[in-house]
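In what follows, chains are A, B, ... by sequence order, proteins preceding strands, each numbered from 1.
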Amino acid sequence: MSAILKDLKREFPEAETRLQFRNVFELLIATILSAQTTDEQVNTITRALFKQYNTPQEFAGLSPLELEPLINGCGLFRNKARSIIGASQMILERFGGQVPDSMEELMELPGVGRKTANVMLNVGFGKPGLAVDTHVQRVSRRLGFAENDNPEHTELILKSLIPVRQWGRAHHLFIWHGRAYCQAKKPKCHECPIAKRCPGRQT
DNA sequence: AACTCGGGGCA
DNA sequence: TGCCCAGAGTT
């Protein structure tokens, strides 16, 4: 694993989140919006959205019919609108207006599962967190680190193989690698910088 | 474990 | 036209 991370660091020296945000609440909204879509669409929508609303108080007071058109364009807009409003209300009424910074509390927020909670811990609060999304899951599977498609199990395996200080970096390296080379459909194994270390490579 | 939500992008 | 995309909740 350490050799793989070293090679990926050389390939992607600037690997980090592509989501644009100015505070943890904006990161939370952007991360909820990011489900099953691309980061570029999320950035466009988030930028426009936060020109109108900025605080949990403002989002908590919206109705779904008000918010849905504003986030249309990145899919799943009804679910995401309900999640954003519900999470804002819970942040306001239960967590004193502050986004919580523990796994347990984050996962109580509507629309926030284990992946989003880990992103908030790691990217938002600089705490230990390793988010397993579809990229991380697929890359881990092909590299032989994950033997099934249970993201929570993959998270535990990766955490056991990677020093805690590098969890965030490893998460982004796997994502960038998954986008650039290790795509789901037609992976570019012939150009892949770590193909020689990959038992799942295709010839 | 399977199903549903969903518009945009791309082959 | 068909299939996938920085997932989560329900059945």
5'-most contact on DNA chain C (nearest-nucleotide basis), A:D39 vs A:L109, goes to A:D39
What closest approach, in Å, do [X] and [Y] show between heavy atoms, and which atom pair accounts for it?
X	Y	answer
A:G129	A:L121	CA-CB, 4.5 Å
A:V112	A:A117	CG1-N, 3.8 Å
A:P193	A:D7	O-OD2, 4.3 Å
A:F21	A:V123	CZ-CG1, 3.7 Å
A:I71	A:A81	CD1-N, 3.5 Å

Any N/O pairs under 3.5 Å between the protein and nucleotides 8-11 of chain B? List them or say none.
from  : atom 1 : to    : atom 2 : distance (Å)
B:dG8 : O4'    : A:Q41 : NE2    : 2.9

Heavy-atom donor-acceptor pair, A:E93 side chain to A:M90 backbone, under 3.5 Å = no
Which of residues 6-26 of chain A have a heavy atom under 4.0 Å from DNA chain B?
-> none
Below 4.0 angstrom, which residues in [range] have at least one non-hydrogen atom near DNA chain C?
range	answer
residues 30-37 of chain A	A:S34, A:A35, A:Q36, A:T37
residues 149-166 of chain A	none
residues 121-135 of chain A	A:D133, A:T134, A:H135

Compare all side-chain heavy atoms of [X] with those of [Y] and state whether any distance is below 4.5 angstrom.
X	Y	value
A:V24	A:L28	no
A:E40	A:R18	yes
A:K115	A:T31	yes
A:I4	A:L173	no

With a 6.0 Å cut-off on ring centres, are A:F59 and A:F50 close enough?
-> yes
Interatomic distance where CZ belongs to A:R78 and C1' belongs to B:dG7 [whole Å] = 12 Å
Could you give the start and end, 5' to 3', of the contact zone on DNA chain C for chain A, using atoms under 4.0 Å from its heavy atoms?
-> C:dC5 to C:dG9
Between A:E66 and A:S63: side-chain donor-acceptor atoms closer than 3.5 Å = yes
Using atom C1' of each nucleotide, how far apart are C:dA8 and B:dG9 to the nearest Å?
-> 23 Å
Using the P atom in both, what is the distance from C:dA6 to B:dA1, to the nearest Å?
-> 24 Å
Which is true for A:V112 with a 4.0 Å heavy-atom rule: it touches a base, it touches only sugar-phosphate, or it touches nothing?
-> sugar-phosphate
Salt-bridge present (A:R94, A:E108; N to O < 4.0 Å) | yes
Is A:R179 paired with A:D39 through a side-chain N to carboxylate O contact shorter than 4.0 Å?
-> yes
Please assess A:T134 against A:Q137 for the test side chain to side chain donor-acceptor pair (under 3.5 Å), listing each intermediate value before the final yes or no.
-> CA-CA 5 Å; A:T134 54; A:Q137 176 62 45; over 6 Å; no
Please report the C-alpha distance between A:R138 and A:H135 in whole Å, then the side-chain angles of each, then the deciding distance to 0.1 Å, and finally whether the side chain to side chain donor-acceptor pair (under 3.5 Å) criterion is met.
-> CA-CA 5 Å; A:R138 181 179 66 258; A:H135 284 308; 2.8 Å; yes
NZ (A:K196) with more than 12 external heavy atoms under 6.0 Å | yes
With A:S140, which of A:T154, A:D149, A:V132 fulfils side-chain contact (heavy atoms from CB on, under 4.5 Å)?
-> A:T154
